[in-house]
Amino acid sequence: MLDLKLIREQPDYVKQQLARFAVEPALVDQVLAFDEARRQQLRKVEDLKAQRNAVSKAISKMAPGPEREAQIAAMRAVGAEIAALDKDVAAIEEGQRNAMLELRNLPHPDVPDGADDSANPVIYQEGEERTLSFAAQPHWELAEQLGMIHFEQGVKLAGSRFYVLRGLGARLQRATIQWLLDLHLRQGYTEVYTPFVVKEQVLWASGQLPKFRDNLYRDEESGLWLVPTAEVPLTSLYSDDILNADQLPIYHVAYTPCFRKEQLSAGRDVRGIKRGHQFDKVEMYMFETPERSYAALEKLRSDAEECARLLGLPFRTKLLCTGDIGFGSAKTYDIEVWAPGQGEWLEVSSCSNVEAFQARRANLRYRPEPGAKPEFLHTLNGSGLGLPRTIIAIMENYQQADGSILVPEVLRPYMGGVEVIR
RNA sequence: GGGGAGGUCGCAUAGUGGCCUAGUGCGGCGGUUUGCUAAACCGCUACAGGGGCAACCCUGUCGAGGGUUCGAAUCCCUCCCUCCCCGCCA
């Protein structure tokens, strides 16, 4: 959610920034109209309430009689008026909130204009788009030959875009998760294990709703939704709280499965495990002061890059342009690893500073100084890393001419010392 | 699933229709006093919204939402959560 005060005070600036995303300026005017109407009605109803409070108090001290009855009758009328105005105000506030929830975050000055992902500049790269000395196989062939992934069984259990990991395939994923978590602990994050289902409000807070409604699984009976990323529960960990400045920063890391319907990308990436309805991810999440949040974004990015580096995967980092950056984000880096079997760069991490966008939605504040007014804090999120794609890159980069796969050195202790999958 | 007890200010508690502008204690902050510390004493002690240049004033919030009433922490309804007892069970 954007700062209402900013919209009120600099509507033209807000419109101009939103125009970079082809957001209609009328949406901003709509918010302003609601705001004006709200204050107008509020003034009326609050005056009436003050009057009623004062007269009611006077009534309590009056002796029974016609004068008292007259005042009670008068207040009965005022009460009816208040009820009508209260209803009015509530409707206006709901309209305003709904309009506010539809507005995306404003971009950081660094964010370049661009139509789509092809306009994201590469700002850093380690390793290259290498080819192997033999004909590289895509991961779905390698994994099936080695018995690491069973695609048909996944379909049998849950339909298309589900798969079963087996043997060293399952173990490789578990080892990678474990290693990633341990790495992030060393980098200064506190591990968190959250529910994998959440209330609807939690999805509004992180900004998945309203935009991704069709991409989320939910249970009608309980009203609970399956998380599409750990970012969702992590955002609301401290919602409605007021944190003390000395508690900040808070850095969390969480492993969760992620559930996405992927209806929006039906037909894309149907082979292999690149895009499934269920996948695992290790996610980093930061709660920071506004002054430090951009320094924290650089740490987040560097911590995510370290994952790819230590796994020995060629990677590059892009700065997302206006055409590709997420709804809530002010600035986002994507980290991609090279997959020589498929011959493409795979996005394995997306590191974003959403500034106060989620904090406002989650009512998440901190007190800068003892006794000072609470302020919204900044939150950041970044994958570290997304599992299936990391596994794809490991399999495709570490494949041998004979179809076996070397286990990256850092993972071997987590694989019971297994060095080669064959 | 059944039965019972609860949810009040950071914590603990008081409050069964108007004396609540939510009291008291603890903790916390500031001050007085003081060689230093402590004690004692005094004051402050939430969040949101609206009005005003400002001092300040007003509105709302006692788990949430409705209702009754001139007036609700207090009465009624629904829901959520916590604790205890019983039953059932991966």
Side-chain angles (χ1 to χ4, degrees), chain A residues 1-9 31-101 157 194-205 218-225 233 236-248 250 257 287 356-377:
Chain A
M1 202 149 53
L2 295 177
D3 183 3
L4 181 58
K5 207 179 293 173
L6 180 70
I7 296 178
R8 211 184 269 159
E9 288 166 6
V31 170
L32 289 170
F34 276 126
D35 193 44
E36 188 50 44
R38 182 181 67 96
R39 279 188 288 177
Q40 212 171 67
Q41 296 302 83
L42 218 46
R43 240 170 291 170
K44 284 191 219 164
V45 73
E46 286 187 357
D47 281 351
L48 288 174
K49 282 179 179 172
Q51 188 193 341
R52 180 177 67 180
N53 287 345
V55 174
S56 288
K57 193 166 204 166
I59 288 172
S60 72
K61 297 189 170 76
M62 290 169 74
E67 176 57 19
R68 190 172 187 274
E69 291 310 312
Q71 291 293 0
I72 288 176
M75 285 311 102
R76 194 174 294 142
V78 169
E81 217 175 322
I82 287 172
L85 282 168
D86 267 345
K87 205 174 260 186
D88 209 19
V89 169
I92 293 168
E93 282 179 345
E94 195 194 338
Q96 180 175 19
R97 184 169 175 80
N98 287 341
M100 292 283 288
L101 287 171
L157 292 174
T194 71
F196 300 157
V197 291
V198 293
K199 299 172 183 175
E200 178 171 333
Q201 161 57 27
V202 173
L203 284 150
W204 284 99
R218 71 168 174 279
D219 173 46
E220 292 289 352
E221 193 187 356
S222 64
L224 294 174
W225 303 57
S236 289
L237 274 185
Y238 307 103
S239 64
D240 297 321
D241 286 354
I242 300 174
L243 302 173
N244 289 322
D246 60 15
Q247 293 176 265
L248 298 177
I250 297 172
F287 300 87
F357 187 83
Q358 291 176 333
R360 282 194 202 94
R361 288 171 165 243
N363 190 29
L364 164 56
R365 294 171 295 171
Y366 80 109
R367 209 180 289 283
E369 304 279 337
K373 280 254 159 228
E375 282 176 28
F376 292 112
L377 44 73

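- In this entry the distance linking CD of Glu93(A) with C1' of U61(B) reads 13 Å, nearest Å.
- Nucleotides A14(B) and C86(B) have their P atoms positioned 28 Å apart, rounded to a whole Å.
- At whole-Å resolution of the value, CD in Gln201(A) and C1' in C81(B) are 17 Å apart.
- No side-chain donor-acceptor contact under 3.5 Å links Arg367(A) to the backbone of Asn244(A).
- For Arg39(A), the CZ atom sits in a packed shell: over 12 heavy atoms of surrounding residues, nucleotides or ligands are nearer than 6.0 Å.
- Between Arg43(A) and Ala54(A), the one whose closest nucleotide on RNA chain B sits nearer the 5' end is Arg43(A).
- For the pair Val31(A) and Gln96(A), the minimum side-chain heavy-atom distance is below 4.5 Å.
- If you check every strand for non-hydrogen atoms under 4.0 Å, Leu42(A) touches sugar and phosphate atoms only.
- Where Met75(A) and Lys57(A) meet RNA chain B, the nucleotide closest to each residue was compared, and Lys57(A) sits on the side nearer the 5' end.
- As rounded to the nearest Å, G7(B) and U61(B) have C1' atoms that lie 16 Å from one another.
- G25(B) and A72(B): their P atoms are spaced 29 Å apart (whole Å).
- When distances are taken from the side chain of Arg8(A) to each of C47(B), C58(B), G50(B), the shortest belongs to G50(B).
- Atom pair Lys199(A):NZ and C80(B):P shows a separation of 10 Å (rounding to whole Å applied).
- Atom pair Arg52(A):CZ and U59(B):C1' shows a separation of 11 Å (rounding to whole Å applied).
- In this structure, the side chains of Leu364(A) and Phe287(A) come closer than 4.5 Å at one or more pairs of heavy atoms.
- Within the structure, every side-chain polar atom (N or O) of Arg38(A) is placed at least 4.0 Å from both OP1 and OP2 of G49(B).
- Comparing C70(B), G50(B), A48(B) against the side chain of Ile59(A) picks out C70(B) as the nearest.
- Look at C53(B): it lacks any Watson-Crick or wobble partner with both distances under 3.5 angstrom.
- Closest of all the heavy-atom pairs between Ala245(A) and Pro368(A) is CB-O, 3.3 Å.
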Open item on the list: Go through it in stages, so that I can follow the logic: the residues are Leu243(A) and Ile250(A), the test is side chain to side chain contact (heavy atoms under 4.5 Å, CB included), and I'd like the CA-CA distance, side-chain angles, deciding distance and then a yes or no.
Closed with: CA-CA 10 Å; Leu243(A) 302 173; Ile250(A) 297 172; 4.0 Å; yes
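- Contact between the side-chain N/O atoms of Arg365(A) and the OP1/OP2 oxygens of C47(B) is not found at any separation under 4.0 Å.
- One donor-acceptor pair, N or O on each side, does fall under 3.5 Å between the base of G49(B) and the side chain of Glu46(A).
- Rounded to the nearest Å, the gap between the C1' atom of A38(B) and that of U33(B) is 12 Å.
- When the side-chain nitrogen and oxygen atoms of Arg76(A) are compared with OP1 and OP2 of G71(B), none of them lie within a distance under 4.0 Å.
- Remark: P of G65(B) and CG of Asp86(A) are 13 Å apart, rounded to the nearest angstrom.
- Lys44(A) comes within contact range of no nucleotide atom at all, as no heavy-atom separation falls under 4.0 Å.
- Atom CZ in Arg360(A) sits roughly 14 Å away from atom P in A48(B) (whole-Å rounding).
- At a threshold of 4.0 angstrom between heavy atoms, the contacts of Asn53(A) are confined to the sugar-phosphate backbone, with no base atom among them.
- Considering only the side chain of Arg367(A), A46(B) comes nearest among C70(B), U59(B), A46(B).
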